[in-house]
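Below is one structure; the comments refer to it alone.
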Amino acid sequence: MENKPWESNSTTFSSQITEICHQKFKTIGKNGKPLAFQSNLEWTVLAGIVACHMKENGEYYLDCISLGSGLKCLPQSKLSKTGDLIHDSHAEILARRGFLNQAPCGDASMTSTALNQSPEDAKLYINSYNNNIDSQNYDIMTRNQTSDCNIEVSKMKDGFRRGRIDYGSFGVLRTKPGRVDSEPTLSMSCSDKIAQWNVVGLQSALISELISPIYLSSITVGDMFYLEDLNRALYERIQDITNLPHGYFPHRPIIIPSLVKFERSRSYLSEGLLDKDLIPSNIATIWIKGSESAEVLVSGRKQGATKSKKTGLYLFKTRSSVAKLSLFQDLESLLVQIPKSLVPQNLIKFTNQDLRKAFTYNMLKLASKNYQTAKQALRLQKFCEWIKCPSEIYENFDSNGELIN
């Protein structure tokens, strides 16, 4: 049997994974990193996805594929209808399916949340579920804020929680952000998203017709490591799901602690700089192997972006390479380069250049039938409380970024 380093020598392996991501982060320019001021310091979260290349003699080498840092997501009122903004800029999401250095927000970090907050916050958040916001009034609250959007959410006995609300409840779905005084979002927690990836794979709906599901072999976590929480949040909640299409299954990654601290994390900074106030950074960064440089994002768009004086609109160069519209265009370009005989049957129609304006981003996602079947099975059997961002509003654009009526 092949000797897998994440199983046979997990401590060394996790340190190597952590180190390669930390070293890559150090190569990013200062504009992509948290700032230091006279009286306070910014902190952030780092996540990466690393490929482990195995050799026949049992040796291996690691290759950082992508890296993300950040901890912000856009509120519902700021979401883009044309796919040109990154809605969720949490590090785990930007790194596109991998994470390290901190337990993901949501169910996987509730024990740590309970142990690491002030008495005032503890009282506020433990009592907020019944007295403030719960799943019974969430859709009413959000509908009042956006007149053209009706949020779809199933009503279950336990419902879902918003951020840290009712942090004593384990195994429930949660939305971002963590603070009760922040504007609501439609983004599910990173714990919930990673659990979904452990069913449907890392590859997303867009390319699921081109490749088989890809699953994480291991997950390395630094800050807020509680193995019981991580196992429950990322796998045990979904372990007995049934009726999945061929190639899909509930995958259990090995979860490994890392002893190496990230130097711009809140926990690391709080240990040695007691005279400084720590504040979360507003910037996010994404680096992808093969790119010339990292992208620095603010509010879902490249840092420093300004609108055209002529049109009053943002230029395409201000859009991230991993925004929905960018990915849509990349896949469309790829499909026309593949010999037609090799294009999956469900995607043939998207290669017709005369009809390209008739197809939307959501249509392309729905063409991945098996992926959608697997996701639907997860939502119906395990994640009934998942908030569905209305695709008819936020994914109804063509590859030119124009809305389709």
Side-chain angles (χ1 to χ4, degrees), residues 6 13-14 16-29 31-34 44-53 60-73 83 85-105 187 190-191 193-194 196-198 200-208 210-211 213-222 234 251 253 256 258 260 262 264-265 281 283-298 300-303 319-331 334:
W6 53 89
F13 184 75
S14 69
Q16 293 171 340
I17 289 283
T18 305
E19 186 63 27
I20 192 174
C21 291
H22 287 188
Q23 290 302 318
K24 180 56 63 177
F25 183 76
K26 289 179 180 179
T27 67
I28 295 174
N31 288 341
K33 296 176 180 175
T44 192
V45 174
L46 179 68
I49 180 166
V50 177
C52 179
H53 300 274
Y60 64 91
Y61 68 95
L62 301 175
D63 191 13
C64 187
I65 302 301
S66 65
L67 201 69
S69 70
L71 36 77
K72 299 289 185 180
C73 60
L85 290 179
I86 300 293
H87 292 175
D88 188 341
S89 293
H90 279 222
E92 298 92 325
I93 311 306
L94 290 179
R96 195 55 180 170
R97 324 297 195 211
F99 75 94
L100 75 163
N101 283 319
Q102 178 163 322
C105 64
S187 294
C190 291
S191 292
K193 290 185 177 182
I194 295 172
Q196 177 169 274
W197 300 339
N198 284 335
V200 301
L202 312 180
Q203 71 290 336
S204 82
L206 288 183
I207 59 173
S208 290
L210 301 176
I211 60 176
I214 301 173
Y215 295 105
L216 289 169
S217 297
S218 67
I219 296 175
T220 300
V221 183
L234 305 185
H251 172 73
I256 315 170
S258 172
V260 183
F262 176 45
R264 304 312 295 265
S265 69
S281 175
I283 66 171
T285 306
I286 180 167
W287 172 88
I288 303 171
K289 181 179 174 62
S291 60
E292 294 183 359
S293 60
E295 291 181 1
V296 182
L297 309 175
V298 178
R301 195 181 295 276
K302 287 183 180 179
Q303 187 181 48
R319 187 177 70 234
S320 169
S321 62
V322 295
K324 290 179 180 179
L325 179 56
S326 299
L327 296 177
F328 188 3
Q329 294 173 343
D330 288 345
L331 182 55
L334 175 63

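Just so it is clear, the values below take in all heavy atoms, side chains as well, and ignore hydrogens, waters and symmetry mates.
- Between Tyr61 and His53, the two ring planes are parallel [angle under 30°; tilted spans 30° to 60°].
- Residues Val45 and Phe262 form no side-chain contact, since every pair of their non-hydrogen atoms from C-beta on lies 4.5 Å or further apart.
- Between Leu206 and Leu327, the shortest heavy-atom distance links the atoms CD1-CB, 3.8 Å.
- The shortest non-hydrogen separation linking Gly83 to Ala323 is O-CB, 3.5 Å.
- Side-chain contact between Pro253 and Asn198 is present, with heavy atoms from C-beta onward closer than 4.5 Å.
- A heavy-atom distance below 4.5 Å is found between the side chains of Ile194 and Ile219.
- Between Ile286 and Ser66, every side-chain heavy-atom pair lies at or beyond the 4.5 Å cut-off.
- Here the options are Gln329, Glu295, Lys302, the test is side-chain contact (heavy atoms from CB on, under 4.5 Å), and the partner is Arg319; only Gln329 passes.
- In this structure the side chain of Gln203 reaches within 4.5 angstrom of the side chain of Pro213, judged on heavy atoms.
- To the nearest 0.5 angstrom, Ser281 atom OG is 8.5 Å from Arg264 atom CZ.
- Interatomic distance, Trp287 CH2 to Cys21 SG, rounded to the nearest 0.5 Å: 9.0 Å.
- Of all the heavy atoms in Leu94 and Gly68, the pair that sits closest is CB-CA, 4.1 Å.
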Fill in: Phe13 vs Leu62, side-chain contact (heavy atoms from CB on, under 4.5 Å): CA-CA, chis, key distance, verdict
CA-CA 10 Å; Phe13 184 75; Leu62 301 175; 3.8 Å; yes
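- Looking at heavy atoms from C-beta onward, Leu331 lies in side-chain contact with Leu210 at the 4.5 angstrom threshold.
- The minimum heavy-atom distance linking Tyr215 with Leu202 is given by the pair C-CD1, 4.1 Å.
- For the pair His251 (side chain) and Gly201 (backbone), a donor-acceptor distance under 3.5 Å is absent.
- Ser69 contributes no side-chain N or O that, together with a main-chain N or O of Ala91, makes up a donor-acceptor pair within less than 3.5 Å.
- Considering OG of Ser321 and CD1 of Ile86, their distance stands at 8.0 Å, rounded to 0.5 Å.
- Gly32 and Thr285 make their closest contact through O-OG1, 2.6 Å (heavy atoms, listed as atom of the first residue, atom of the second, distance).
- Minimum interatomic distance between Gly48 and Leu67 (heavy atoms only, all atoms of both residues): CA-CD1, 4.0 Å.
- Contact annotation: the side chain of Lys33 approaches that of Phe25 to within less than 4.5 Å [non-hydrogen atoms, C-beta and beyond].
- To the nearest 0.5 angstrom, Glu19 atom CD is 12.0 Å from Cys64 atom SG.
- Here the CG atom belonging to Leu71 is positioned 10.0 Å from the SG atom belonging to Cys190, to the nearest 0.5 angstrom.
- Distance check, rounded to the nearest 0.5 Å: CG of Asp63 to NZ of Lys289 gives 4.0 Å.
- A donor-acceptor contact shorter than 3.5 Å is absent between the side chain of Ser326 and the backbone of Val322.
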